[in-house]
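Note sheet for the following structure.
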Amino acid sequence: MATLSEVEALLGEPRFNWSDPAPWDEMEREFGIEFPADFREIVNAYGSVRINRQLYLDHPAGHLGKEVRGDLEMWQEEDMAKFLPAPAGAGPGELMPVASATTGEAVFLRVPEDPSSPWRVVVHEFDSPAWTLHEMTFGEWLLAYLRGEDVTVCSRNLAPDRPFYEPRS
């Protein structure tokens, strides 16, 4: 699993550094799931940010809960659900929307079928409309993105010198 220090080495030092578990606890109670540790650790470190002016990540103390609720509602509509490989939701095998990109992608975490299985990343491309399952944790996926690898969302042209981030307002 990718570590926060590996993400920091590419993205720079985080400035949010959230430590109060209350917003996560509230959101996890609402959805009936516990988000993966690497996702929580990265989001707690960086907060609600836009990475490379492309990828939006949110923290539950800011936008995340509202974004997830709105995105779930949208992806559960019949005309949108047909574009995903599994239903949007918090049940085993379902897809939980957690990030989006200005280039037209939606990033989901696939809820494991059983608690001992790892969470995986699914990315939907609005312009195709196609989706890709990435057999990696969120931290591994984000690290690959930051390195400029094509993980459906690609930053090579948007951050030619090095990855960067800015807080979301």
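Heads up: numbering here begins at 1 and tracks the sequence.
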Considering residues, nucleotides and ligands other than [X], do more than 12 of their heavy atoms fall under 6.0 Å from its [atom1]?
X	atom1	answer
Glu135	CD	yes
Glu8	CD	yes
Glu34	CD	no
Arg69	CZ	yes

Linked, directly or transitively: [X] and [Y] (ILVMFWY side chains, under 4.5 Å):
X	Y	value
Val122	Val98	no
Phe126	Val68	no
Leu10	Val121	yes
Trp131	Trp75	yes
Leu109	Trp24	yes

From [X] [atom1] over to [Y] [atom2], what is the distance, rounded to the nearest 0.5 angstrom?
X	Y	atom1	atom2	result
Glu166	Arg15	CD	CZ	9.5 Å
Glu149	His134	CD	NE2	11.0 Å
Leu142	Glu6	CG	CD	11.0 Å
Arg40	Leu4	CZ	CG	14.0 Å
Leu72	Met96	CG	CE	5.0 Å
Asn44	His59	CG	NE2	4.0 Å

Show the nearest heavy-atom pair for residues [X] and [Y], with the distance to one decimal.
X	Y	answer
Ala88	Leu84	CB-CD1, 4.3 Å
Leu57	Ala99	CD2-CB, 3.8 Å
Glu125	Thr152	CG-CG2, 3.4 Å
Arg50	Arg168	N-CG, 3.8 Å
Pro14	Ala45	CB-O, 3.0 Å
Ala144	Val151	CB-CG1, 3.6 Å

Identify the residue among Phe108, Tyr46, Phe138 that makes a ring-ring contact (aromatic ring centres under 6.0 Å, His included) with Phe39.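 Single ring-ring contact (aromatic ring centres under 6.0 Å, His included) partner of Phe39 among Phe108, Tyr46, Phe138: Phe138.
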
Look at the side chain of [X] and the backbone N and O of [Y], then say whether any donor-acceptor pair between them is shorter than 3.5 Å.
X	Y	result
Glu26	Ala22	no
Asp38	Gly139	yes
Trp18	Asp20	yes

Please name the residue in the list Ile51, Asn52, Val123 that meets the side-chain contact (heavy atoms from CB on, under 4.5 Å) test with Val153.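 So, applying the side-chain contact (heavy atoms from CB on, under 4.5 Å) to Val153 and each of Ile51, Asn52, Val123, only Val123 qualifies.
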
Is the Phe35 ring parallel, tilted or perpendicular to the Trp119 ring (thresholds 30°, 60°)?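 Judged by the thresholds at 30° and 60°, the geometry between Phe35 and Trp119 is parallel.
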
In terms of the angle between their ring planes, are Tyr145 and Trp141 parallel, tilted or perpendicular, with boundaries placed at 30° and 60°?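 Parallel: the ring planes of Tyr145 and Trp141 meet at under 30°.
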
Is there a side-chain contact between His124 and Val107 (heavy atoms, below 4.5 Å)?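 Counting from C-beta outward, His124 and Val107 never come under 4.5 Å.
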
Kindly indicate whether the side chain of Asp58, heavy atoms from C-beta on, has any atom under 4.5 Å from the side chain of Val43.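 Counting from C-beta outward, Asp58 and Val43 never come under 4.5 Å.
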
Please collect all side-chain hydrogen bond (donor to acceptor under 3.5 Å, both in side chains) contacts where either partner lies in residues 98-116, sequence neighbours excluded, each pair once.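 Those involving residues 98-116 are Gln54-Thr103, Thr103-Glu105, Asp114-Ser116, Asp114-Ser117.
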
